[in-house]
2 protein chains.
Amino acid sequence: MALAARGSLAEALSLRGIRLTRQRRLLLEVLDNAPGHLNARELLQAARRTDPTIDRATVYRTLHLLKTSGLVDELDLLHLEGEEHYYERRRTGDHVHLGCPQCGTISEFETDLVLKLAQEVARREGFTATGIRIEVRGICKACSEAQVR
Amino acid sequence: MALAARGSLAEALSLRGIRLTRQRRLLLEVLDNAPGHLNARELLQAARRTDPTIDRATVYRTLHLLKTSGLVDELDLLHLEGEEHYYERRRTGDHVHLGCPQCGTISEFETDLVLKLAQEVARREGFTATGIRIEVRGICKACSEAQVR
DNA sequence: TTGTGAATGCAACTGAGTCGCAACTGAGAG
DNA sequence: CTCTCAGTTGCGACTCAGTTGCATTCACAA
């Protein structure tokens with residue numbers, strides 16, 4: 001019951017006819033409870049704290065599944081933190097990632113310009129957007145204030 | 001003279017005090033004349049047609065240089081074409097990449113929403129954007145027409 | 001023309017992500 | 001509740017993009 005009540009990702013999966021294994025359930029739980037963005041290695045490490053036998057390949061296969069099901073988004077966060085990919089649950093609110101190379105911080109920013117972009121692309125180009133990834137590189141407020149000081 | 005007249009990238013480099021070697025000149029030329037987006041491997045192959053001795057490491061080091069100088073942008077084109085990175089000269093007009101997973105086509109789309117986004121991020125967040133990468137995944141016009149048919 | 005710090009080629013390395021295969025298991029049929 | 005099997009997992013080997021250390025070469029300022 002607790003699982004069913006909280007397991008929105010799990011629910012979404014079984015709705016799509018995707019078999020819900022112990023490993024997938026665990027990975028979904030970790031993704032759901034993760035504070036920020038996780039890469040594959042971090043996801044594996046976190047999952048292994050609960051089930052030490054889970055394998056790297058399973059993590060990659062599950063991420064692939066979730067990506068193609070549209071349940072998670074893949075980001076690279078402008079490679080400020082490394083060369084790998086990062087993953088986050090797809091949410092309802094459209095948001096943009098702001099990355100500051102000076103301090104390495106990634107923050108998020110909600111704006112309806114994302115929706116407007118999807119509409120403009122549809123209107124002018126006949127292109128039906130299913131996912132939009134926006135990553136902005138620049139100097140964050142804290143860093144620019146520190147410089148002026 | 002011919003070089004100086006066309007070599008805007010080269011010019012930009014020497015303005016920044018970056019030494020202009022034979023290899024860099026060649027890579028810049030290839031990037032300038034490339035029809036679309038190139039990944040590191042393609043850039044190396046193209047450059048080797050002129051200078052077969054140029055090395056992979058030099059390509060990566062030069063790309064790193066151009067990225068941090070803000071002269072080229074790094075994209076992954078939503079990994080429709082592969083897992084590597086793609087590079088393109090930074091241009092004046094802001095544009096967005098549209099990728100259709102069905103046919104694998106990447107197209108471009110110019111819109112002033114990019115500029116508006118930069119302004120909104122600055123106004124509401126105090127974040128000074130230096131580069132914006134927008135990649136839209138979806139169904140292109142041709143594919144959606146083919147489906148309806 | 002020369003001196004020197006920066007850049008190159010080379011070869012070895014790193015690490016993210018993939019793949020084939022044998023063993024295992026979720027969940028639907030009975 | 002049990003049986004069955006396609007789908008999934010763990011494992012180990014593999015691929016390949018990108019990096020690094022080092023000896024050699026080169027751009028360019030003086």
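Just the heavy atoms: all of them, side chains too, but no hydrogens, waters or symmetry mates, feed the values below.
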### Query
Taking for each residue the nucleotide of DNA chain C bearing the nearest heavy atom, is the 5' side occupied by A/Arg61 or by A/Asn39?
A/Asn39
### Query
Whole-Å distance between C/dT18 P and A/Asp55 CG?
13 Å
### Task
Please check if atom NE2 in B/His95 has more than 12 non-hydrogen atoms from other residues, nucleotides or ligands closer than 6.0 Å.
yes
### Query
For A/Arg41, which contact category applies under a 4.0 Å heavy-atom criterion: base, sugar-phosphate, or nothing?
sugar-phosphate
### Message
Without decimals, in angstroms, what is the distance between B/Leu38 CG and D/dA17 P?
### Response
15 Å
### Query
Should A/Arg19 be listed as having a side-chain N or O under 4.0 Å from OP1 or OP2 of D/dT9?
no
### Task
Measure the distance from OH on A/Tyr86 to P on C/dG17 and round it to the nearest whole Å.
10 Å
### Query
With respect to the phosphate group of D/dG18, does any side-chain polar atom (N or O) of B/Arg56 fall under 4.0 Å of OP1 or OP2?
no
#### Entry: Residue pair B/Asp51, B/Arg25: steps toward the salt bridge (Lys or Arg N to Asp or Glu O under 4.0 Å) verdict
CA-CA 11 Å; B/Asp51 174 1; B/Arg25 209 188 298 268; over 6 Å; no
## Note on the structure
Judged by nearest nucleotide, the residue sitting upstream toward the 5' end of DNA chain D, B/Tyr60 or A/Ile54, is A/Ile54
#### Entry: Short side-chain N/O contact from A/Thr21 to OP1 or OP2 of D/dG7, under 4.0 Å
no
### Message
One pair to check against salt bridge (Lys or Arg N to Asp or Glu O under 4.0 Å): A/Lys116 and A/Asp94. What are the steps and the verdict?
### Response
CA-CA 11 Å; A/Lys116 284 207 181 112; A/Asp94 285 317; over 6 Å; no
### Task
Answer yes or no: does a side-chain N or O of B/Thr58 lie under 4.0 Å from OP1 or OP2 of C/dG9?
yes
### Atom-to-atom span, CG of A/Leu44 to P of C/dG15 - whole angstrom
15 Å
#### Entry: Heavy atoms of other groups near B/Lys141 NZ, more than 12 under 6.0 Å
no
### Task
Using atom types as modelled and distance alone, determine if a side-chain donor or acceptor of A/Asn39 lies under 3.5 Å from a backbone N or O of A/Glu42.
yes
#### Entry: Which residue lies more 5' along DNA chain D, comparing A/Gln23 with B/Ala57 via nearest heavy atoms
A/Gln23
### Query
Of B/Asp51 and B/Glu83, whose nearest nucleotide on DNA chain C comes first from the 5' end?
B/Asp51
### Message
Whole angstroms only, please: what is the CG-P distance between A/Leu20 and D/dT9?
### Response
10 Å
### Query
A/Asp76 has an atom CG; how far is it from atom C1' of C/dG15, in whole Å?
17 Å
### Message
With a 4.0 Å cutoff (strictly under), does any side-chain N or O of B/His85 reach OP1 or OP2 of D/dA17?
### Response
no
